Amino acid sequence: MAISYALAKAAMHHMVRELSARVAPDVRVNGIAPGLTETNRIKEKYDQSETFKVNVPKFFYEVSFLNRLVNVENIVDTVEYLSNNASITG
């Protein structure tokens, strides 16, 4: 994992925690930070590049706790869940 990617993820995580602590209970703050997401653009790269097809997905499967790529529907479900649950912040 690139250091810049890891730093950006950590900064976003910290920002969400700090904001949620500062503005609660009036405002809820949640962050969603998925990794490589299976989108049409990523699928096009699968079709066009043997190197990408073999190496990049394998790497993300190996480092993912779920052993799969996240898809857009997963992210939408998470946004809906967080939006509709008033007891979650941070």
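Residue numbers start at 1 and run along the sequence shown. Quantities reported herein were computed from a predicted structural model and do not represent experimental measurements.
Looking at residues two or more places apart in sequence or on another chain, you find a side chain to side chain contact (heavy atoms under 4.5 Å, CB included) between Thr39 and Thr37, Arg41, Ile42, Val72. With sequence neighbours excluded, the residues forming a side-chain hydrogen bond (donor to acceptor under 3.5 Å, both in side chains) with Ser87 are Asn85, listed by chain and number. Under the side chain to side chain contact (heavy atoms under 4.5 Å, CB included) criterion, Leu7 pairs with Ile3, not counting sequence neighbours. Applying the side chain to side chain contact (heavy atoms under 4.5 Å, CB included) criterion to Glu73, with sequence neighbours excluded, gives Asn71.
Residues Val79 and Ile88 share a hydrophobic cluster, clusters being chains of Ile/Leu/Val/Met/Phe/Trp/Tyr side chains in contact below 4.5 Å.
Between the OH atom of Tyr81 and the CD1 atom of Ile32 there is a distance of 12.0 Å, given to the nearest 0.5 Å.
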Side-chain donor-acceptor distances from residues 12-22 under 3.5 Å, at least two apart:
{"from": "Ser20", "atom 1": "OG", "to": "Val16", "atom 2": "O", "distance (Å)": "3.0"}
{"from": "Ser20", "atom 1": "OG", "to": "Arg17", "atom 2": "O", "distance (Å)": "2.9"}

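For the pair Lys9 (side chain) and Pro34 (backbone), a donor-acceptor distance under 3.5 Å is present.
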